[in-house]
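Take a look at the structure below.
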Amino acid sequence: MQFKCSKMGEVKYYLGMHVERDVEKGVLRLHQRKYCEGLAQKYGLQDGGKPATPLPLGFTVEPCADEEVVGESDRKLFHSMVGSLNYAANHTRSDIAFATSRLASVVSRPSHEQLEAAKRLVCYVSATASVGLEYSGVRQRLQRGAADVKSGEMLLKIVKTHQQAADIFTKRLAEADHWKGMKLAGMSVH
């Protein structure tokens with residue numbers, strides 16, 4: 001099988017994400033500005049304000065009583081909002097991941113208060129549309145082979161699979177390795 005390829009220059013937009021590169025500074029920035037700005041318009045919340053936080057301070061998500069549950073059309077709206085927010089949270093908007101996760105926990109029976117919180121979160125995302133992920137110093141780190149821990153940069157180290165403590169959650173280890181992994185993870189069994 002053969003495919004024709006053509007060079008079209010640097011990628012600027014990929015799978016709904018804006019890609020910005022500064023080769024000189026070694027910076028790569030990913031954001032979903034266009035998508036995030038469109039959320040307020042999609043849900044008719046252009047005049048919803050510019051909240052300073054994803055959720056109101058002290059907001060808790062609790063299962064609600066039957067009389068507090070929104071109607072079917074509002075439930076579908078809530079479901080759509082949470083899905084749209086989850087898309088952004090999973091790609092470039094880690095700042096809304098917790099709030100989106102909390103709202104998703106009641107997606108089948110949201111209350112009016114929770115629907116208002118979802119609307120607020122949409123307004124927050126729209127108002128902060130240019131927030132994204134930025135990776136800096138990538139070129140310098142790759143050239144050095146490791147990062148400088150004293151300057152606050154991340155140290156990347158390749159760890160063989162059988163030495164990873166996190167593997168105790170994903171696959172069965174030999175008995176001795178299991179207890180060693182538990183100890184490394186700071187866990188104990190009583």
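What you see is a predicted model, and the numbers here were worked out from it, not measured in a lab.
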Quiz prompt | Joint hydrophobic cluster, Met81 plus Leu39, side-chain heavy atoms closer than 4.5 Å | solution = yes
Quiz item: Is the closest side-chain heavy-atom distance between Thr128 and Val131 below 4.5 Å?
Solution: yes
Quiz item: Should the heavy atoms of other residues, nucleotides or ligands under 6.0 Å from OH of Tyr14 be counted, would the total exceed 12?
Solution: no
Donor-acceptor contacts, no H, no angles, side chain residues 16-23, under 3.5 Å, sequence neighbours left out:
{"from": "His18", "atom 1": "NE2", "to": "Lys34", "atom 2": "N", "distance (Å)": "3.4"}
{"from": "Glu20", "atom 1": "OE2", "to": "His31", "atom 2": "NE2", "distance (Å)": "2.8"}
{"from": "Asp22", "atom 1": "OD1", "to": "Glu24", "atom 2": "N", "distance (Å)": "3.2"}
{"from": "Asp22", "atom 1": "OD1", "to": "Lys25", "atom 2": "N", "distance (Å)": "3.1"}

Practice problem: First locate atom CG of Leu103, then atom CD of Gln114, and finally report the distance between them rounded to the nearest 0.5 Å. | Solution: 7.0 Å
Exercise. For residues Gly48 and Cys123, report the shortest heavy-atom separation together with the two atoms involved.
Key: CA-SG, 3.5 Å
Self-check item: Pair Leu57-Phe59, side chain to side chain contact (heavy atoms under 4.5 Å, CB included): steps then yes or no
Solution: CA-CA 6 Å; Leu57 295 176; Phe59 180 81; over 6 Å; no
Quiz item: What distance separates Leu121 CG from Ser84 OG, expressed to the nearest 0.5 Å?
Solution: 11.0 Å
Practice problem: Considering non-hydrogen atoms only, spot the tightest contact between Pro110 and Arg75 and give its length. | Solution: CD-CG, 3.8 Å
Quiz prompt | Residues that Tyr35 engages under side-chain hydrogen bond (donor to acceptor under 3.5 Å, both in side chains), provided they are two or more places apart | solution = none
Quiz item: If Ile, Leu, Val, Met, Phe, Trp and Tyr residues are connected whenever their side-chain heavy atoms lie under 4.5 Å apart, and connections chain through other members, are Leu15 and Val125 in the same group?
Solution: no
Exercise. Might you confirm whether atom NE2 of His79 has over 12 heavy atoms from other residues, nucleotides or ligands at distances under 6.0 Å?
Key: no
Exercise. Scan residues 78-100 for pairs that pass salt bridge (Lys or Arg N to Asp or Glu O under 4.0 Å), counting only residues two or more places apart or in two chains.
Key: Arg93-Asp95
Quiz item: Which atoms form the tightest heavy-atom contact between Val27 and Ser136, and what is the distance?
Solution: CG2-CB, 3.9 Å
Quiz item: How would you list, by chain and number, every residue that makes a salt bridge (charged side-chain N to carboxylate O under 4.0 Å, His left out) with Glu37, sequence neighbours excluded?
Solution: none
Quiz prompt | Under 3.5 Å: donor-acceptor pair, side chain of Ser80, backbone of Lys76 | solution = no
Quiz item: Heavy-atom distance under 4.5 Å between the side chains of Arg102 and Ser105, does that happen here?
Solution: yes
Quiz item: For Val82, does its backbone N or O pair with a side-chain atom of Asn86 as donor and acceptor, under 3.5 Å?
Solution: no
Exercise. State, with a plain yes or no, whether a side-chain heavy atom of Val70 is found less than 4.5 Å away from one of Phe78.
Key: no
Practice problem: Can you tell me which residue pairs pass the salt bridge (Lys or Arg N to Asp or Glu O under 4.0 Å) test with a partner in residues 54-68, sequence neighbours excluded? | Solution: Asp66-Arg109
Quiz prompt | Interatomic spacing from CG in Leu85 to OG in Ser101 - rounded to 0.5 Å | solution = 12.0 Å
Quiz prompt | Hydrophobic cluster identity match, Val69 and Val61, side-chain contacts under 4.5 Å | solution = no
Quiz prompt | Pairs involving residues 45-57, ordered by first then second residue, that meet side-chain hydrogen bond (donor to acceptor under 3.5 Å, both in side chains) (sequence neighbours left out) | solution = Thr53-Arg120
Quiz item: Given the rule that I, L, V, M, F, W and Y join up when any side-chain heavy atoms are under 4.5 Å apart, are Leu45 and Tyr87 in one cluster?
Solution: yes
Quiz item: What heavy-atom pair brings Ala52 and Tyr124 nearest, and what distance separates the two atoms?
Solution: O-CE1, 3.7 Å
Quiz item: Counting only heavy atoms not in Glu72, do more than 12 fall under 6.0 Å of its CD?
Solution: yes
